[in-house]
Amino acid sequence: ERRNNAQNAAQWPILEAWAEQKEWPVNGILTRLTAEEFKDILTAAFEGETNPRIAAGLNGGVVMLGRRTSRYGKRRFSEWLDWLNAASHHAGVRVPAPQEA
């Protein structure tokens, strides 16, 4: 069964908290990333990616080919949200309280 809209919406405040509170090394420089970019990094970690797929960019550079949470069913997405909250706590990222649906 596919995830629902409430599940999908629940991840974005957490990812926004990462974007607001953390810098991440990009090309050796600590950089502010977007919530979408943190989603790529965190989804790869959630999936246990130690050797993520990396492709050559169209005009040079590299692009990480991330996993897509849109393919998760309700149960897997629930596991993702639990993992995301735990990872946030471990990294010292303060996340907003969940909103009632």
Side-chain angles (χ1 to χ4, degrees):
E1 190 174 345
R2 302 289 290 177
R3 67 184 180 171
N4 59 40
N5 290 338
Q7 282 181 305
N8 184 55
Q11 71 181 332
W12 291 106
I14 301 168
L15 295 167
E16 289 291 342
W18 279 80
E20 292 169 4
Q21 298 172 38
K22 289 288 189 186
E23 291 183 323
W24 204 258
V26 176
N27 298 330
I29 300 169
L30 286 177
T31 305
R32 290 282 180 191
L33 299 177
T34 66
E36 291 84 3
E37 291 168 326
F38 269 112
K39 184 179 178 205
D40 290 337
I41 292 167
L42 294 165
T43 303
F46 172 68
E47 292 286 341
E49 298 260 346
T50 55
N51 293 311
R53 294 177 66 212
I54 298 175
L58 186 60
N59 296 311
V62 295
V63 177
M64 183 174 80
L65 304 175
R67 301 288 181 125
R68 299 290 173 249
T69 60
S70 60
R71 295 187 180 136
Y72 293 168
K74 281 186 176 183
R75 182 176 179 177
R76 185 68 170 156
F77 201 84
S78 180
E79 293 169 352
W80 156 244
L81 289 176
D82 288 345
W83 182 92
L84 186 55
N85 277 296
S88 298
H89 176 75
H90 181 71
V93 174
R94 295 171 313 281
V95 299
Q99 300 295 315
E100 293 296 320

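Note that this is a predicted model, so its numbers are computed, not measured. Each residue takes its place number in the sequence, starting with 1. Only heavy atoms go into these numbers, but all of them, side chains included; no hydrogens, no water, no symmetry mates.
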**Student:** Passes side chain to side chain contact (heavy atoms under 4.5 Å, CB included), Leu33 versus Asp40? Steps please.
**Tutor:** CA-CA 11 Å; Leu33 299 177; Asp40 290 337; over 6 Å; no

**Student:** Any chance CH2 of Trp12 has more than 12 other-residue heavy atoms, nucleotides or ligands included, within less than 6.0 Å?
**Tutor:** yes

**Student:** Quick one: does any side-chain atom of Ser78 pair with a main-chain N or O of Lys74 as donor and acceptor, under 3.5 Å?
**Tutor:** no

**Student:** Atom CG of residue position Leu30 - does it have more than 12 heavy atoms of other residues, nucleotides or ligands inside 6.0 Å?
**Tutor:** yes

**Student:** Can a salt bridge be assigned to the pair Arg76 and Glu79 using a cut-off of 4.0 Å between side-chain N and carboxylate O?
**Tutor:** yes

**Student:** If you compare all heavy atoms of Trp18 against all heavy atoms of Leu84, which two are closest, and at what distance to 0.1 Å?
**Tutor:** NE1-CD1, 4.4 Å

**Student:** Verify the cluster assignment for Phe38 and Val63: are they in a single hydrophobic cluster under the rule of side-chain heavy atoms below 4.5 Å apart?
**Tutor:** no

**Student:** For the residue pair Thr69 and Lys39, what are the closest heavy atoms and their distance?
**Tutor:** OG1-NZ, 2.9 Å

**Student:** Could you pull out the closest heavy-atom pair between Ala35 and Ala19, with the gap in Å?
**Tutor:** N-CB, 3.7 Å

**Student:** Taking Ile14 as the fixed residue, which of Asn85, Val93, Leu42 is the one that meets the side chain to side chain contact (heavy atoms under 4.5 Å, CB included) rule?
**Tutor:** Asn85

**Student:** Do Ser70 side-chain atoms and Arg68 backbone N/O form a donor-acceptor pair below 3.5 Å?
**Tutor:** no

**Student:** Salt-bridge test for Arg94 and Glu20: reply yes if a basic N is under 4.0 Å from a carboxylate O, no otherwise.
**Tutor:** no

**Student:** I'd like to know whether Gln11 forms a side chain to side chain contact (heavy atoms under 4.5 Å, CB included) with Phe77, so could you lay out the CA-CA distance, the side-chain angles of the two residues, the decisive distance to 0.1 Å, and finally the verdict.
**Tutor:** CA-CA 10 Å; Gln11 71 181 332; Phe77 201 84; 3.7 Å; yes

